[in-house]
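Below you'll find the structure, written out as structure tokens, and then a few comments.
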Amino acid sequence: MLWDDQAFLRAIDRGERLLAKGLSLILALVVVVASFQLLQQVWSDFLNSETTWLGDELTRVLGDVLNVLIALEVLQNLTAYLRRKVVQIELVLVTALTAVARKVIVLPPGAEDKPLLLAGLGLVVLALAAAYWLVRQPTVRSSFPQRGRARGFLGRDRSPRPDDDGGD
């Protein structure tokens, strides 16, 4: 056998990390260039007195801003993977929700005539929202105390009295 299992797994791990680093660098460059181009386009539109910011131009700018935001979220996914060697499903779901929201925002005029498209987007939004809720549920539930007094305003906290069971 050329490699034992541990050496093979180490090589695969190194390859994954190298690929994630390369993708992170490429994506960081894309985000910087895209942000610069977005600023340049908005500035030139701003200087053009004929630009109307209501309607198609606003939708285009919002779509471009959301594209940069989605790229940043993907970059965050990659850096989280490099830090912890895990894919953070919550972050992936938020990125997917942002991408679907972008799609809904930039729908062209006349999209209301395509009921299957609208139903599909609605179904995707519901599925992603439900998945996000399911993933967040244990985190949300564990972050709230189950019993005891609430802390006071501005962090002033009274210690519970020995005879206090936290109920009313």
Ion pair check, Asp64 and Arg60, cut-off under 4.0 Å:
yes

Cluster link Leu75 to Val32, ILVMFWY, side chain under 4.5 Å:
no

Of all the heavy-atom pairs spanning Ser24 and Leu78, show the shortest one and how long it is.
OG-CB, 3.4 Å

Answer yes or no: does atom CG of Leu39 have more than 12 heavy-atom neighbours from other residues, nucleotides or ligands under 6.0 Å?
yes

Are Tyr81 and Gln88 close enough that some pair of their side-chain heavy atoms sits under 4.5 Å apart?
no

Please check if Leu117 and Val104 belong to a single hydrophobic cluster, counting links between Ile, Leu, Val, Met, Phe, Trp and Tyr side chain heavy atoms closer than 4.5 Å.
yes

Could you report the tightest heavy-atom contact between Val106 and Gly63, atom names first, then the distance?
CG1-CA, 3.6 Å

Matching residue for Ser35 among Val30, Val68, Leu72 - test: side-chain contact (heavy atoms from CB on, under 4.5 Å)
Val68

Nearest 0.5 Å please: distance from the CG atom of Leu134 over to the CD atom of Glu90.
12.0 Å

Looking at every heavy atom in both Val92 and Asn77, which two are closest together, and how far apart are they?
N-OD1, 3.8 Å

How far apart are the closest heavy atoms of Ala71 and Val31, and which atoms are they?
CB-CG2, 3.6 Å

For the CD1 atom of Ile70 and the CZ atom of Arg102, what is their distance to the nearest 0.5 Å?
6.5 Å

Those residues at least two apart in sequence (or on a different chain) that pass ring-ring contact (aromatic ring centres under 6.0 Å, His included) with Phe36 are none

Any luck finding a side-chain donor-acceptor pair between Gln41 and Asp45 under 3.5 Å?
yes

Would you call Leu66 and Leu69 a side-chain contact if the rule is heavy atoms closer than 4.5 Å?
yes

